[in-house]
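If you're wondering where the values come from, they're calculated on a predicted model, not measured in any experiment. Letters A, B, ... are given to chains in the order of the sequence lines, protein chains preceding strands, and every chain is numbered from 1.
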Amino acid sequence: MKERYDFAEIEPKWQKTWEESGLYRVGDEDQTKEKYYCLEMFPYPSGDLHMGHVRNYSIGDVVARFKTMQGYNVLHPMGWDAFGLPAENAAIKHGIHPFKWTISNIENMKRQLSRLGFSYDWDGQVTTCQPDYYKWTEWLFLQFYKNGLAYKKKAAVNWCPGCVTVLANEQVVNGACERCGNEVIKKDLAQWFLKITDYAQRLLDDIDKLQGWPDKVKIMQENWIGRSEGAEVKFRIDGTDEVITVYTTRPDTIYGVTFMVLAPELPLVEKLTKGTPYEGAVQDFIRKMQTMSDIDRTSTETEKEGLFIGQFVINPMNGEKIPLFIANYVLIDYGTGCVMGVPAHDQRDFDFATKYGLQIRLVIMPEGVPDRYAQLTQAWEAEGIMVNSGPFDGQDNEEAIKNITKYMEEKGLGSFQVNFRLRDWLISRQRYWGAPIPIVYCDKCGEVAVPDDELPVYLPTDVEFKPTGQSPLAECESFVNTTCPKCGGPAKRETDTMDTFICSSWYYIRYCSPHDDTAAFTRSKVNYWMPVEQYIGGVEHAILHLLYSRFFTKVLKDQGLVDFDEPFTNLLTQGMVLKDGTKMSKSKGNTVSPEETVAQYGADTARLFILFAAPPERDLEWSDAGVEGAYRFLNRVWRLVYSYIDGLNESVKVEEVSPADKETRRLTHYTIKKITDDINLRFNFNTAISAIMEFVNWLYLYRDKNTVRNSVIEAEAVNTLVTVLAPFAPHAAEELWHELGYTDSIHKQPWPKYDPAALVQDEVEIVVQVNGKVRDRMIIPADISKEDMEKFVLEQDGVKKLMEGQQIVKVVGVPKKLVNIVVK
RNA sequence: GCCGAAGUGGCGGAAUUGGCAGACGCACACGACUCAAAAUCGUGCGGGUAACCAUGGGGGUUCGAGUCCCCCCUUCGGCACCA
């Protein structure tokens, strides 16, 4: 007997064997098997694996191994999200080239992943910073460009002074950069955008198709897309032909408009005030707004501030003259940047009107307010009956929304309008370490796409890394200066690179045909493997990556390049790994190194603990004692299986089946059922593992209390134990499997099926309750009818005694569970 | 402020369809083995002498509620002047 569970010897041994035998090599399309694409979010190669990665990939590995054993043709790939700022920052700080830095990090992290024994086919590894990948990222950009979905425009964009580049809306969190935390400022720059807004409605509608996604993520996406219905209404500026269009979700309140507000940055504002007495004050106000940070400017805490600009507009419904303001609380990039002020029915307008002494006119009667001229103390934003609204008086306001919109459409005063909170995706970055945007600028031909046969536009290697606020590529003359693909004349390249979220928006497609050097992907393979059956990753990507990937997939589908329109059928968002109640981070000094944990306890122990300590969606509190416990358990399995191997022939009898044998067989099959359901239906690996523990605890008892055991039943139990352990502790299971005398890999074994007949129990314990309180328990035949069970219970002496002096009102029987006697 | 999730022993967690609250593990205590310790094996382990009380608090529905309904509190996540 091998006494010791020597993980340090067996884990590397099997990792080597699996690698050499190509155990995880991905098969091609196989029509005899159902396919299963198991995907975990690929990591950014920051240098070292952290526990969050270990958790993510341990979960994925269980799923992949389990599905493989269940007979699926499984794709389980891994790669590297390898472009991005940290590499460039390292280059600036330490003088290492980003490429070198990234590649050495990849090597290190790949080694760490391999040491954990995850079942990846490394042959299909994808690295986004390699030309064989970014060539196709560039190609995909051009597909967007050629279909009018990529465009360059000058706009006030989010600029992070820390990262010295622009950011997408999604990357700004509470007015700060999501990466470095610096306060984001506005800059007027010409930038590349992808027209994700064209897909806003479909991205919203198709959320319904995502049955296998957590509601949490779907709601976040819904809120982010932020659809609203309302009307655009035209207000003429008094004394001119100029028209201002506002967007409102409350056309029913139009008779309550007592002022109008414009975003200060609107060009119209300057036009309207130029040469008027208001010009100076307006200029001052605009300048003040520009110096304010986004956080101060857009916080609900900030006091409303505005300025009358000397003009009036006419309410198209009643011809009233309304003063025109600019104010801090109106955003230029939502709706039309112009808002009609209805202080009685919008709290923001109410605050503004109160401050500047503007009229507050009630047009929708609040409940319980009889007087239509009542003084409000705050805006009434709920429903009510229309008043002070001309022909619409007396209508229900919900009705009036429709009727007023219809009326305005008929009279040409306005129209029904849908608006989205979602903005177009800003993809330009003024940085070096990203995929080049394959566009050149020619004096004669203007903006020209780089032809497909000239792709990729290579990133030059001899570049100076200085954080100047301009792409380092702009100073690389050999890169910038080129010839125009159209006319052959001198031209200049685009020097911005792409947001790395572009690279990660299609990597899961590249995995399906990673070696195709003639196309971004092989259509037949992509259509075979996609969509992903199970995607696993952190919830922090709920909006950014997951929304962008859905957008990419829909564009590819519309271009006829793929046959599916949603990339991820099921999504699992795993919780964080915590230590002492907070997220592990270097700055807090509460990190636990996966490498050290593996060195001390082995990969199987580390994985087992992480899977056992909490269900996957929840946060997980790291516990060194818990790791110790997982290690103890593996040792316990080890000793049990070895004692069986060694003692097999001394205590057996084949023919007879004792009650203990029968119970062993029942538990064997119950354990199979429990684990299968826990993985398949619920991803509850923690309870699956506890079922294995209970099974092991029973087998110890069975072994120690029965010197005579049925060898067939015992062998089945031990084989089953090792087999169901395989997805969770792949190395230990493999070693034990071979020690049991098998020569093929445990990971190629079919997942066991349970025998329903074995689960049937002859007798069950039931509870006797009196008025819902447990008073007794008894063993009865399992197949007894409900009526017989109730009768049987009432006949028992103990129960009769309990009933003395009581009047039975009712008896509630639940077969195999309980009998509740209700007494008075 | 709005949206969402969660609150169960000393701790991580379980209870899958309204049916024995606390599975499994950790920690702890005691015992066996040992010269001793570790490891291992075994026993106990929500509170209370008990009747009983206990799943954040308060109501309700039900024969029966951690689970369903209403109100409130706390923590965490997302959004935050989106007209």
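Taking side-chain N and O atoms only, A:R618 has a distance below 4.0 Å to OP1 or OP2 of B:A14. Between A:R632 and B:A27, a side-chain N or O to OP1/OP2 separation shorter than 4.0 Å is present. The side chain of A:R421 places an N or O atom within less than 4.0 Å of a non-bridging phosphate oxygen (OP1 or OP2) of B:A80.
When the C1' atom of B:C81 is taken as reference, atom CG of A:D333 falls 13 Å away, rounded to whole Å. Rounded to an integer number of Å, the gap from A:M576 CE to B:G78 P is 9 Å. A straight line from NZ of A:K773 to P of B:A21 spans 10 Å, rounded to a whole angstrom. Going from atom NZ of A:K817 over to atom C1' of B:U67 covers 14 Å, rounded to whole Å. One can place CH2 of A:W224 at 10 Å from C1' of B:G78, the figure rounded to the nearest angstrom. In this entry the distance linking CZ of A:F612 with P of B:C24 reads 10 Å, nearest Å.
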Residues A:W425, A:E170; criterion side-chain hydrogen bond (donor to acceptor under 3.5 Å, both in side chains); working and verdict: CA-CA 8 Å; A:W425 176 13; A:E170 289 79 2; 5.5 Å; no
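The residue A:Q769 sits close to a base: some heavy atom pair falls under 4.0 Å. Within 4.0 Å of A:I219, counting heavy atoms only, lie sugar-phosphate atoms of the nucleic acid but no base atom. Nucleic acid contact class of A:K583 (heavy atoms, under 4.0 Å, all strands): none. Among the heavy atoms of the strands, none lies under 4.0 Å from A:G226. As judged by a 4.0 angstrom heavy-atom cut-off over every strand, A:T249 is placed among residues touching the sugar-phosphate backbone only. Note on A:V822: only backbone sugar-phosphate atoms sit closer than 4.0 angstrom, heavy atoms only; bases stay farther off.
Taking the P atom of each, B:A65 and B:C69 are spaced 16 Å apart, rounded to whole Å. Nucleotides B:C45 and B:G25 place their C1' atoms 14 Å apart, quoted to the nearest Å.
Pairing for B:C11 is with B:G25, a Watson-Crick or G-U wobble pair whose two hydrogen-bonding atom distances lie under 3.5 Å. Remark: B:G31 base-pairs with B:C41; criterion is Watson-Crick or G-U wobble with both hydrogen-bond distances under 3.5 Å.
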